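These numbers come from a predicted model, not from an experiment.
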Amino acid sequence: MQKAIYTNSSHSMNTYYLLPFLLLFSIGIQAQNNALKSKITTKAATLESKVVSWRRDFHQNPELGNREFKTAEKIAAHLQSLGIEVKTGVAKTGVVGVLKGGKPGPVVALRADMDALPVMERVNLPFASKVTGEYNGTTVSVMHACGHDTHVAMLMGTAEILASVKNEIKGTVVFIFQPAEEGPPEGEEGGAELMVKEGVLNNPKVDVIFGLHINAQTEVGQIKYRPRGTMASSDWFTIKVNGKQSHGAYPWQSVDPIVTASQIVMGLQTIVSRNVNLTQNAAVVSVGQINAGVRSNIIPESLTMTGTIRTLDAETQDFIHGKIKTIATNIATSAGGSAEVSIYKKTLITYNEPSLTEQMLPTLQAAAGKDNVLLTEAVTGAEDFSFYQAKIPGLFYFIGGMPKGKKPSDMPSHHTPDFYIDEGSFILGMTSMAHLALDYMEMKSKK
């Protein structure tokens, strides 16, 4: 007993004498981190005007998916000027920069999307787009109507910030500038799915990925986030209804695919309204296109309809797919015809890994202020950032692009001709991305 007591006492004394040293060591590390973050904040402020200039240039000269040639050239030239290792032509027009820090540690990826949309701009800006391009064989107006121009500019600024403190970085940062987030042209591969396929997460092997999206209905200075399902999967479906053609004056001689399709459309509406528990997750089934017939007095032989499915969890996704097939085929059979259903999984669920989200939340709060970091509702729009998250843990969040004092209901939606972004969150975008990378590295280095 005496010996045991003596040993324990000795251990306690050693711990007692070590405590001040450990405390001082911890304080020293924290001081270093605070000093580094202070450098980053200062650097971001000095870069704001440059980032605004980049954004306006990209906005005035937008390029469609898989055609972001000039955008990619400007990005690559900037990264090379910073001494960052650069890979071009990834997933057709993508650019990847690799910044190896001065100390060993994990590999963190930061991502921005580059492509614009086939939309004609109506916003009265001195740098408004007048550009046209070819979209699936048609000449269209082109506009950055979703804010990807801001994402590119902010990540270029983040790269410059982190390159300036390269020797203090405990790991490697991979900057992913991705084409075709809105989807590649018909008949082509593209986007995050192709980048993953071509190994963007493998050389070097990425441990975690962070991405942001500017939002026109979120006030400047705010960050919004959500753990688990944040943005929905985007599945496309096609239903071909087969009937029997006849003269429009003798409908009893037909199996009318138009009437049958009308019943199918109404049947599809009951999937979400009567079969999905909306208190747990949102879901959407929408028919967007119906094509049939060539003349007003001929009941056609067949009809094709297409639409989209949006879900926030895999179980609901599988359930809805099954219900669409059951409803369409049974209604068509009851009318004396038949239905062929095909479903294409276009974009996965943007899923913020809960433990990573919780781990990095203090970083976002430190960047924006705790009161400016808000839990948001799920979004039924889709994001192909999900393809990275299917391979490694990832966190995707939103920053404000709405002028202070405005109401979200007064702001034009994304993907519209009047879409507008206030440039006041660019510093927050840069600092939050830089801090996420450095804080994650710091956490991993302590384990």
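- Contact between Ala434 and Thr158 at its shortest, heavy atoms only, is N-CG2, 3.9 Å.
- Here Lys37 pairs with Asp439 in a salt bridge; the nearest charged N to carboxylate O distance falls below 4.0 Å.
- A salt bridge does not link Glu301 to Lys244: none of the charged side-chain nitrogens sits closer than 4.0 Å to a carboxylate oxygen.
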* How far apart are the C-alpha atoms of Glu121 and His144, what are their side-chain angles, what is the distance that settles it, and do they pass the side chain to side chain donor-acceptor pair (under 3.5 Å) test? -> CA-CA 8 Å; Glu121 182 157 18; His144 270 296; over 6 Å; no

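- At least one donor-acceptor pair under 3.5 Å links the side chain of Arg310 to the backbone N or O of Thr380.
- One N or O on the side chain of Ser386 and one on the backbone of Glu383 form a donor-acceptor pair closer than 3.5 Å.
- Atom CG of Leu99 and atom CD1 of Ile84 lie 5.0 Å apart (nearest 0.5 Å).
- Note on ring orientation: taking the six-membered ring where Trp is involved, the planes of Tyr440 and Phe210 are perpendicular (angle over 60°, cut-offs 30° and 60°).
- Rounded to the nearest 0.5 angstrom, Gln263 CD and Ile331 CD1 are separated by 6.5 Å.
- Between the Thr357 side chain and the Glu353 main chain, a donor and an acceptor come within less than 3.5 Å of each other.
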* Test side chain to side chain contact (heavy atoms under 4.5 Å, CB included) on Trp54 and His59 and set out the steps. => CA-CA 9 Å; Trp54 286 331; His59 190 88; over 6 Å; no

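- Using a 4.0 Å cut-off between charged nitrogen and carboxylate oxygen, Asp235 and Lys345 do not count as a salt-bridge pair.
- Ion pairing between Glu189 and Lys197 holds under the 4.0 Å rule for side-chain N and carboxylate O.
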* Asked: What do the steps show when you test Thr230 against Val379 for side chain to side chain contact (heavy atoms under 4.5 Å, CB included), and what is the final call?
  -> CA-CA 6 Å; Thr230 299; Val379 178; 5.7 Å; no

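- Of all heavy-atom pairs between Pro251 and Ser246, the closest is CA-OG, 4.2 Å.
- Separation of atoms OG1 (Thr88) and CZ (Phe177) is listed at 13.5 Å; rounding is to 0.5 Å.
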* Begin from the C-alpha positions of Ser254 and Asp256 and carry the test side chain to side chain donor-acceptor pair (under 3.5 Å) through to its verdict. => CA-CA 6 Å; Ser254 75; Asp256 192 335; 4.9 Å; no

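- Checked by atom type and distance alone, the side chain of Arg226 pairs as donor or acceptor with a backbone atom of Thr376 at under 3.5 Å.
- Around atom CZ of Phe319, more than 12 heavy atoms belonging to other residues, nucleotides or ligands sit under 6.0 Å away.
- Heavy-atom contacts from other residues, nucleotides or ligands closer than 6.0 Å to NZ of Lys325 number 12 or fewer.
- For Thr416 against Ala145, the heavy-atom pair with the smallest separation is O-CB, 3.9 Å.
- Side-chain contact check for Asn61 and Asp57: at least one donor-acceptor pair (N or O, by modelled atom type) lies under 3.5 Å.
- By the 6.0 Å contact criterion, NZ on Lys100 is open, its count of non-hydrogen atoms from other residues, nucleotides or ligands being 12 or less.
- Using a 4.5 Å heavy-atom cutoff, the side chains of Ser129 and Gln60 are not in contact.
- With values rounded to the nearest 0.5 angstrom, Ile214 atom CD1 is found 4.5 Å from Ile399 atom CD1.
- Using a 4.5 Å heavy-atom threshold, the side chains of Val196 and Lys391 count as touching.
- Side-chain contact check for Asn277 and Thr279: at least one donor-acceptor pair (N or O, by modelled atom type) lies under 3.5 Å.
- Taking CD1 of Ile209 as the reference point, atom OH of Tyr388 lies at 6.0 Å (rounded to 0.5 Å).
- A pairwise comparison of heavy atoms in Ala180 and Asn66 identifies CB-OD1, 3.5 Å as the closest pair.
- Side-chain atoms of Val131 and Ser141, non-hydrogen and from C-beta on, never get closer than 4.5 Å to each other.
- Of the possible donor and acceptor atoms, none in the side chain of Glu340 sits under 3.5 Å from a partner among the backbone N and O of Ile239.
- Annotation: side chain of Lys240 is not in contact with side chain of Leu303 (no heavy-atom distance under 4.5 Å).
- Of the residues listed (Arg55, Arg56, Lys74), the one engaging Asp149 in a salt bridge (Lys or Arg N to Asp or Glu O under 4.0 Å) is Arg55, and it is the only one.
- Between Thr311 and Ser233, the side chains place a donor N or O and an acceptor N or O closer than 3.5 Å (distance only, hydrogens not considered).
- Proximity of Thr71 to Phe58: side-chain heavy atoms (C-beta onward) are separated by under 4.5 Å at one or more points.
- In this structure, the side chain of His78 engages the main chain of Met156 through a donor-acceptor pair within 3.5 Å.
- Between the side chain of Asp410 and the backbone N or O of Lys406 there is no donor-acceptor pair closer than 3.5 Å.
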* Steps toward side chain to side chain contact (heavy atoms under 4.5 Å, CB included) verdict (Val208, Ile392) -> CA-CA 6 Å; Val208 70; Ile392 59 174; 5.6 Å; no

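- Contact annotation: the side chain of Val373 approaches that of Leu361 to within less than 4.5 Å [non-hydrogen atoms, C-beta and beyond].
- Between Ile327 and Ile271, the closest side-chain pair of non-hydrogen atoms falls below 4.5 Å.
- Counting all heavy atoms, side chain and backbone alike, His435 lies closest to Ala367 at ND1-CB, 4.3 Å.
- With hydrogens and angles ignored, the 3.5 Å screen pairs a side-chain donor or acceptor of Gln389 with a backbone N or O of Tyr351.
- For the side chain to side chain donor-acceptor pair (under 3.5 Å) test with Asp113, the passing option among His148, His213, Gln178 is His148; the others fail.
- Annotation: side chain of Met305 is in contact with side chain of Val265 (closest heavy-atom distance under 4.5 Å).
- For the side chain to side chain donor-acceptor pair (under 3.5 Å) criterion with Thr93, the lone passing option out of Glu73, Lys70, Glu63, Glu68 is Glu68.
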* Step by step, would you call Lys323 with Asp318 a salt bridge (charged side-chain N to carboxylate O under 4.0 Å, His left out)? -> CA-CA 9 Å; Lys323 288 294 288 185; Asp318 290 341; over 6 Å; no

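- Between His414 and Phe419, the ring-plane angle classifies as tilted under the 30° and 60° cut-offs.
- Proximity of a side-chain donor or acceptor of Glu198 to a complementary backbone N or O of Ala91 within less than 3.5 Å is detected.
- Checked for salt-bridge contact, Glu188 and Arg67 meet the test: a charged N lies under 4.0 Å from a carboxylate O.
- Listed for the Ser425 side chain is a donor-acceptor partner under 3.5 Å among the backbone atoms of Gly400.
- In this structure, a donor-acceptor pair under 3.5 Å is present between the side chains of Asp313 and Thr316.
- Distance check, rounded to the nearest 0.5 Å: NE2 of His151 to CG of Leu155 gives 10.5 Å.
- The minimum heavy-atom distance between Gln217 and Pro412, with the atom names listed, is NE2-O, 3.0 Å.
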* Start with the C-alpha gap between Leu162 and Leu82, add the side-chain angles, then the distance that decides, and say whether side chain to side chain contact (heavy atoms under 4.5 Å, CB included) holds. => CA-CA 10 Å; Leu162 292 177; Leu82 300 173; over 6 Å; no

